[in-house]
Amino acid sequence: MFRFANPDFLYLLLILPILIVFYIYTLISRRKAIKRYGDPKLISQLMPEVSLKRQHLKFWLMFGAITVAIFVIAGPQFGSKLETVKKQGVEIMVCMDVSNSMLAEDISPNRLEKAKQMLSRMTDGFSNDKVGLIVFAGDAFTQLPITSDYISAKMFLSSINPSMVSSQGTAIGAAINLAMRSFTPNEASGKTILLITDGENHEGDAIKAAQSAASKNVKINVIGIGSPQGAPIPISGTNNFMKDAEGNVVVTHLNEQMCQEIAAAGQGMYVRADNTNSALKAIQNELDKMDKTELDSKVYSEYDEQFQLLAWIVLILLIIEFLMLERKNRIFRKIKLFS
């Protein structure tokens, strides 16, 4: 696969037509200047060593060198070869709650943004692990299949919002079951599920799903996001808050008891996120304790710089242009090899 590292430099190619126009203008001006002195054919006989062909050739050599030099500074690269590498790590499936209650601002800037910030920092600490992402509200969907491509993981993470799942609710059980089906078939690899939720309005049998995962040696670590005191849910783009059918402002609370029960059933740990990094550190320490196993990862090899050949072409063209005189060589002028 081919690409340019700095494609913006290719805009410099726009100067090439200008150079041609300028050169043609120079030739016309020179011809007019010669006519002012007399008949061009007669004057050319008085200057037998002047070679118009050499002048043309020197221009096109310089023109070619400039053209190739532009491609050199644009940074031609080949690469993007898919390779399988062996890494020591674990598999982590993240299940993130994206229900409307995650917009509550009892944690700065709000529950959902705080969760995204935590995951982004956590991803920065990964090196050989695999990570996948599931979003859920009234239903669960795979946002990112399990991968070692952390750049893609952070890209998908940044796009998460409550509108991704149309049905509202907190289908924790469905998210856990989907996460279990999302791991690789490698039975020897260490696996864990990281559940981030406020636990409110949960649907389905989350406890049973957590117990099933634990029976298959998959721990469930839970991050409770929000505060037990609760907060109203702002309506995006307005200064209003969500209201129930009776017109009362809805206040959403962190269901800490439910989160703790899920973590206990999943034989993992529970930690409540606040405006500090304590929850992130606790989860990272827990992940570091897991046994690392050898994982096969499909990765793209780095692009290789391929400017060297083009740089040699530029150098050769410039050397030839420098050594070539505009006048005919007196020594070789009378030599005619094919006469």
Side-chain angles (χ1 to χ4, degrees), residues 91-126 129-147 149-150 152-183 191-204 206 209-210 213 218-226 233 252 254-256 258-259 262-263 266 268-274 279-280 282-284 286-287:
E91 297 182 17
I92 306 164
M93 284 302 303
V94 178
C95 298
M96 180 178 287
D97 190 345
V98 294
S99 58
N100 286 333
S101 61
M102 291 291 286
L103 296 176
E105 298 175 349
D106 46 359
I107 290 184
S108 179
N110 62 42
R111 295 177 183 179
L112 183 59
E113 289 302 318
K114 178 65 176 180
K116 289 162 66 173
Q117 290 173 6
M118 290 178 57
L119 277 181
S120 180
R121 292 175 185 171
M122 188 180 301
T123 303
D124 290 337
F126 293 156
D129 306 306
K130 286 187 174 183
V131 63
L133 181 60
I134 290 172
V135 295
F136 68 93
D139 202 353
F141 299 94
T142 300
Q143 174 74 354
L144 176 70
I146 195 160
T147 179
D149 187 354
Y150 305 135
S152 295
K154 296 185 73 171
M155 180 183 67
F156 279 101
L157 179 62
S158 63
S159 65
I160 291 177
N161 61 79
S163 64
M164 300 179 70
V165 183
S166 57
S167 59
Q168 284 301 304
T170 310
I172 297 176
I176 293 175
N177 291 331
L178 179 57
M180 289 298 296
R181 297 193 298 270
S182 301
F183 288 112
K191 298 178 175 67
T192 186
I193 295 174
L194 179 59
L195 176 65
I196 304 177
T197 181
D198 56 20
E200 191 174 57
N201 298 327
H202 74 280
E203 302 174 2
V218 178
K219 288 186 177 182
I220 299 180
N221 297 304
V222 183
I223 298 179
I225 195 94
I233 304 173
T252 173
L254 168 63
N255 190 343
E256 198 158 30
M258 171 54 62
C259 292
I262 294 173
M269 71 173 297
Y270 166 76
V271 60
R272 177 156 65 94
D274 52 26
L280 176 61
I283 291 296
Q284 287 176 329
E286 188 68 16
L287 295 178

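Since this is a predicted model, take the numbers as computed values, not measurements. Counting from 1, the numbers follow the sequence of the chain as shown.
- For the atom pair OG1 of T170 and CG of D198, the computed distance is 6.0 Å after rounding to the nearest 0.5 Å.
- Within a 6.0 Å radius of NZ in K116, other residues, nucleotides and ligands contribute more than 12 heavy atoms.
- L194 has its side chain within reach of L119: a pair of non-hydrogen atoms, C-beta onward, lies under 4.5 Å apart.
- In this structure, S158 OG and E113 CD are separated by 9.5 Å, a value rounded to the nearest 0.5 Å.
- A donor-acceptor pair under 3.5 Å is formed between the side chain of N161 and the backbone N or O of S159.
- Taking all atoms of both residues into account, the shortest heavy-atom contact from G226 to L254 is O-CD2, 3.6 Å.
- Looking only at side-chain heavy atoms (C-beta outward), M155 and L144 stay at 4.5 Å or farther from each other.
- In this structure, the side chains of L133 and I160 come closer than 4.5 Å at one or more pairs of heavy atoms.
- Considering every non-hydrogen atom in both K114 and P109, the closest pair reads N-CD, 4.3 Å.
- Nearest heavy atom pair, residue A206 against residue I176, reads O-CD1, 4.0 Å.
- Note that CZ of R272 and CD1 of I225 are 10.5 Å apart. Values are rounded to the nearest 0.5 Å.
- Taking the side chain as every heavy atom from C-beta outward, I196 and M118 never approach each other to under 4.5 Å.
- With contacts defined as side-chain heavy-atom distances shorter than 4.5 Å, the pair R121/Q284 does not qualify.
- The side-chain heavy atoms of Q143 and L157, taken from C-beta on, include no pair separated by under 4.5 Å.
- For the pair R111 and S101, the minimum side-chain heavy-atom distance is below 4.5 Å.
- Atom CD of E91 is separated from atom NZ of K130 by 6.0 Å, given to the nearest 0.5 angstrom.
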Kindly indicate, with the supporting measurements, whether the criterion side chain to side chain contact (heavy atoms under 4.5 Å, CB included) is fulfilled by S182 and T142. CA-CA 8 Å; S182 301; T142 300; 4.2 Å; yes

Give the C-alpha distance, both sets of side-chain angles, the deciding distance and a yes or no for side chain to side chain contact (heavy atoms under 4.5 Å, CB included) between L112 and M96. CA-CA 9 Å; L112 183 59; M96 180 178 287; 3.8 Å; yes

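- With sequence neighbours excluded, the residues satisfying side chain to side chain contact (heavy atoms under 4.5 Å, CB included) with A140 are I134, F136, A174, A175, L178.
- Minimum heavy-atom separation, A273 to A279: CA-CB, 3.8 Å.
- N221 approaches M269 most closely through the heavy-atom pair OD1-N, 3.0 Å.
- In this structure, C95 and I220 have side chains that are not in contact, with every pair of non-hydrogen atoms separated by 4.5 Å or more.
- No donor-acceptor pair under 3.5 Å is formed between the side chain of E256 and the backbone N or O of G224.
- Distance check, rounded to the nearest 0.5 Å: CG of L287 to OG1 of T192 gives 6.5 Å.
- Considering L195, V222, I223 as possible partners of Y270, the one that fulfils the side-chain contact (heavy atoms from CB on, under 4.5 Å) test is V222.
- To the nearest 0.5 angstrom, T197 atom OG1 is 8.5 Å from N255 atom CG.
- Across all non-hydrogen atoms, the minimal contact from S99 to G169 is CB-O, 3.4 Å.
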